[in-house]
Number of protein chains: 2
Amino acid sequence: MTSTRMALATAARPREAEILDSIRQTFAEKGFDGASMQDLARAAGMSVGNFYRYFPSKAAMVEAIVTRDLAEVEEKFTGIAAAADPLAALRCGLHQHIEEECSGCDDGPLWAEITAAALRKPEIGAVVQKMESEIRGYLLSAFAMIAGMPRDEAERRFAAHSAMVVMLVKAAAIQAQAGGQVSAGRIELNGLVKRMIDAVLAEVAAAQSKD
Amino acid sequence: MTSTRMALATAARPREAEILDSIRQTFAEKGFDGASMQDLARAAGMSVGNFYRYFPSKAAMVEAIVTRDLAEVEEKFTGIAAAADPLAALRCGLHQHIEEECSGCDDGPLWAEITAAALRKPEIGAVVQKMESEIRGYLLSAFAMIAGMPRDEAERRFAAHSAMVVMLVKAAAIQAQAGGQVSAGRIELNGLVKRMIDAVLAEVAAAQSKD
DNA sequence: ATGTGATGAATGAACATTCACTCGCCCCAA
DNA sequence: TTGGGGCGAGTGAATGTTCATTCATCACAT
């Protein structure tokens with residue numbers, strides 16, 4: 001997804017999206033509280049005063065980031081829902097996401113910041129909350145398709161499974177950016193994360209035959 | 001572990017430990033960058049000037065926090081190593097830790113902050129890195145006992161497993177503090193986390209019979 | 001007296017937020 | 001075609017606040 005963003009960076013596209021990219025990077029580099037308004041404005045290539053016209057507060061920035069990412073996620077899930085084999089498509093999509101986070105796309109620091117900020121600032125907590133619950137919603141819809149059960153039954157039986165997938169993906173993204181282990185260790189861990197995700201999906205798929 | 005800290009809070013114990021507790025809370029409440037030196041000093045019940053005598057920088061505070069927590073972890077692992085059934089002891093210890101993080105002990109925000117800060121500030125990254133690699137080391141030693149293999153073989157085969165356990169425990173602690181889901185949902189997720197940990201441990205234990 | 005642990009006011013830098021202002025552009029009357 | 005006038009993006013200096021860090025000073029036990 002980052003590649004898409006990068007590819008279009010030079011082309012004509014709404015100003016706000018470009019600004020959003022610079023905000024992402026600045027938050028990732030300096031932290032949520034560490035990034036000053038002047039840092040953010042300068043990174044966006046504009047004056048401080050004008051910057052306030054776009055984002056009156058940091059919470060508004062997080063909201064914009066979340067909204068855009070959520071749209072990308074939704075797109076992916078509509079693709080999965082339309083696939084001939086939703087289970088395979090979901091599995092593949094998740095594996096790919098884990099791969100991407102490991103190399104190239106460095107969203108880990110950004111989400112570490114946002115996660116931490118969400119636990120302190122209620123406005124941000126609410127925004128992040130909403131995002132995660134929407135993603136869990138997409139997952140549950142996919143689970144319902146996979147297990148061949150009504151949506152509300154999937155909700156009852158697989159709420160924890162959806163939460164686990166979200167948690168694993170986020171944790172893996174954050175962990176992938178921790179510089180410590182050699183690359184071999186990271187790859188091994190990523191493989192294990194993928195197997196864990198497979199195990200969660202297997203439990204969902206197993207409900208199909210039982211019912 | 002928090003309970004231990006709390007119980008001794010009023011009794012006579014080294015000053016630095018008390019200060020450390022107040023620092024933990026302040027970081028958790030205001031964030032790593034959000035907490036000013038004056039905030040930290042006031043929370044510790046002392047003047048700003050004197051505070052610098054104890055901790056000349058925020059990195060030093062993180063180092064002290066990490067060092068103390070690491071000592072607690074080491075204690076737990078020596079207990080596990082001495083147990084009649086190390087697998088059961090490790091499993092039980094991990095489950096208990098997941099339980100604790102869910103209710104009562106709110107270390108989630110603190111570790112979210114430290115994790116985020118570690119990705120930005122190299123000094124903190126190094127400290128956190130060292131802590132996690134030591135914990136992975138304890139886990140690997142336990143794995144070696146459980147699987148009945150030399151320590152270096154465990155290191156080769158289960159590096160990812162140890163990293164996964166650390167990741168799961170941390171992610172669960174952070175997730176447990178996110179206010180969104182009702183308590184029922186949290187408990188379900190905790191149960192699934194425990195099962196995931198069990199699955200990882202089962203893989204380690206399974207190596208025993210094969211070899 | 002003297003050393004030790006503690007204080008909190010002082011300093012200058014950095015911060016969030018506002019505001020008076022410029023400039024380029026487009027629409028429309030003449 | 002032209003020119004004036006309004007509109008909105010963009011500026012950066014000004015204001016009052018908070019920050020990290022230092023240091024002259026204090027209380028007091030020895």
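Every chain is numbered from 1 and lettered A, B, ... according to where its sequence line falls, protein lines coming before strand lines.
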Asks: Tell me, please, which residues at least two apart from B:Arg53 pass side-chain hydrogen bond (donor to acceptor under 3.5 Å, both in side chains).
Replies: B:Asn50
Asks: Quick check on contacts: within residues 26-34 of chain A, what sits under 4.0 Å from DNA chain C by heavy-atom distance?
Replies: none
Asks: To the nearest Å, give me how far apart CZ (A:Arg42) and C1' (D:dG12) are.
Replies: 11 Å
Asks: Salt bridge (Lys or Arg N to Asp or Glu O under 4.0 Å): which pairs involve residues 34-43 of chain B, sequence neighbours left out?
Replies: B:Lys30-B:Asp39
Asks: Can you name the side-chain hydrogen bond (donor to acceptor under 3.5 Å, both in side chains) partners of B:Asn190, sequence neighbours left out?
Replies: none
Asks: Tell me, which of residues 112-125 of chain A have any heavy atom that sits under 4.0 Å from an atom in DNA chain D?
Replies: none
Asks: Applying ring pair (Phe, Tyr, Trp, His ring centres under 6.0 Å), name anything that partners B:Tyr54, two or more places apart in sequence or on another chain.
Replies: none
Asks: Can you name the residues that form a ring pair (Phe, Tyr, Trp, His ring centres under 6.0 Å) with B:Phe77, not counting sequence neighbours?
Replies: B:Tyr138
Asks: From C-beta outward on A:Lys58, which listed nucleotide comes closest to its side chain: D:dT21, C:dA16, D:dG10?
Replies: C:dA16
Asks: Atom CG of B:Leu40 and atom C1' of D:dC19: how far apart are they, to the nearest Å?
Replies: 12 Å
Asks: So, the side chain of A:Lys58 versus the backbone of A:Ile124: is there a donor-acceptor pair under 3.5 Å, distance only?
Replies: no
Asks: What residues, two or more places apart in sequence or in another chain, satisfy side-chain hydrogen bond (donor to acceptor under 3.5 Å, both in side chains) together with A:Thr26?
Replies: none
Asks: Rounded to whole Å, please give me the gap between CE in A:Met37 and P in D:dA13.
Replies: 19 Å
Asks: Provide, to the nearest angstrom, the distance between the CG atom belonging to B:Asp39 and the C1' atom belonging to C:dC15.
Replies: 15 Å
Asks: Say whether, by atom type as modelled, one donor and one acceptor occur between the side chain of A:Arg186 and the main chain of A:Ala178 under 3.5 angstrom.
Replies: yes
Asks: Let me have the donor-acceptor pairs involving side chains of residues 160-172 of chain A, under 3.5 Å, with sequence neighbours excluded, atom names and distances please.
Replies:
from	atom 1	to	atom 2	distance (Å)
A:His161	NE2	A:Glu203	OE1	2.7
A:Ser162	OG	A:Ala159	O	2.7
A:Lys170	NZ	A:Thr115	OG1	3.4
A:Lys170	NZ	A:Glu132	OE2	2.9

Asks: side-chain hydrogen bond (donor to acceptor under 3.5 Å, both in side chains) with A:Arg120: which residues, sequence neighbours excluded?
Replies: A:Asp33, B:Glu113
Asks: Indicate, with a heavy-atom threshold strictly under 4.0 Å, whether B:Phe51 touches base, sugar-phosphate, or nothing.
Replies: nothing
Asks: So if I take every side-chain heavy atom of B:Tyr52 and compare against D:dT22, C:dA6, C:dA16, which nucleotide ends up nearest?
Replies: D:dT22
Asks: Residues two or more places apart in sequence or in another chain: which of them pass salt bridge (Lys or Arg N to Asp or Glu O under 4.0 Å) with A:Glu99?
Replies: A:Lys194
Asks: Under 3.5 Å, which N/O atoms of the protein pair with N/O atoms of nucleotides 8-11 of chain C?
Replies:
none

